[in-house]
Amino acid sequence: MSSLVISEHIEITPGICGGKPRIAGHRIKVQDIVIWHEKMGMSPDEIIYHHPSITLADVYAALAYYHDHREEIRQQIEAGEAFAQQLQGDKPSLIQKILKGKNVK
C-alpha cells in the first residue's frame, strides 16, 4: 500500500532531473527535499511554504522514499556536493570574499 502512495507522488523519468527521483510533475528532486529538511532544518510545512506548488503529502512521500533508498539518495547528494566543489576549485565564493573583507567588484 505505501509503495502505491509513494509512486503517486514520486517519479523517475530518464532525461528529467538527470533521471533522479523527483516530486511527480515537478523538477524538485527527492534529494532537494532531504537537503532542505535534514541539512537546512526546514520542517515539511516550511518546505511547502517556500514551494507552494507541491503538497505536504509530496514532501512526506519524498522523505519516505529517501528512508527506503537512503544510500542511493546520500550518494546523489555527495556527488552533487563534490561536483560543486570541483567547479569552485580553489576560488573563494563571493560570500567568503565579503567575510574576509576583500574588495568585491
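Note that the numbering runs from 1 along the sequence shown for the chain. The shown structure was predicted, so the numbers you read here are calculated from the model rather than taken from an experiment.
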task: Could you tell me which non-hydrogen atom of Ile73 sits nearest to which non-hydrogen atom of Pro21, and how far apart they are?
output: CD1-CG, 3.8 Å
task: Of all the heavy-atom pairs spanning Met42 and His37, show the shortest one and how long it is.
output: O-ND1, 2.9 Å
Any residue meeting side chain to side chain donor-acceptor pair (under 3.5 Å) with His67, in chain and number order, not counting sequence neighbours: Arg70
Partners meeting side chain to side chain contact (heavy atoms under 4.5 Å, CB included) with Ala57 (sequence neighbours left out): His9, Thr55
task: Could I get the full list of ring pair (Phe, Tyr, Trp, His ring centres under 6.0 Å) partners for His69, not counting sequence neighbours?
output: Tyr65
- request: Could you tell me the separation between the CD atom of Glu38 and the OH atom of Tyr66, rounded to the nearest 0.5 Å?
  value: 4.0 Å
- request: Sequence neighbours left out, what passes side chain to side chain donor-acceptor pair (under 3.5 Å) with Glu78? Give chain and number order.
  value: none
query: Under a single-linkage rule joining Ile, Leu, Val, Met, Phe, Trp and Tyr whose side-chain heavy atoms are separated by less than 4.5 Å, which residues share a cluster with Leu87?
result: Phe83
- request: Kindly compute the distance separating CD1 (Ile33) from CD1 (Ile10), expressed to the nearest 0.5 Å.
  value: 8.0 Å
field: Single-linkage hydrophobic cluster Met40~Ile28, side-chain heavy atoms < 4.5 angstrom
entry: yes
task: Locate the shortest heavy-atom distance separating Ile54 from Ile48; write the atom from each residue and the value.
output: O-CG2, 3.8 Å
message: Filter on salt bridge (Lys or Arg N to Asp or Glu O under 4.0 Å), then keep only pairs touching residues 45-58, sequence neighbours left out; what's left?
response: none
- prompt: Taking only residues two or more places apart in sequence, or in another chain, which ones meet Gln85 in a side chain to side chain donor-acceptor pair (under 3.5 Å)?
  reply: none
- line: In this structure, NZ of Lys39 is separated from CD of Glu81 (nearest 0.5 Å) by 3.5 Å
- request: Determine the sole option in Lys20, Lys29, Arg22 for which the salt bridge (Lys or Arg N to Asp or Glu O under 4.0 Å) test with Glu11 is passed.
  value: Arg22
message: Let me check something: do Ile12 and Val30 share a hydrophobic cluster, defined by ILVMFWY side-chain heavy atoms less than 4.5 Å apart, either directly or through other members?
response: yes
Results of salt bridge (charged side-chain N to carboxylate O under 4.0 Å, His left out) for Glu72 - residues two or more places apart only: none
Under the ring pair (Phe, Tyr, Trp, His ring centres under 6.0 Å) test, residues paired with His51 that sit two or more places apart: Trp36
task: Compare every heavy atom of Pro44 with every heavy atom of Leu63, then report the nearest pair and how far apart it is.
output: CD1-CG, 4.4 Å
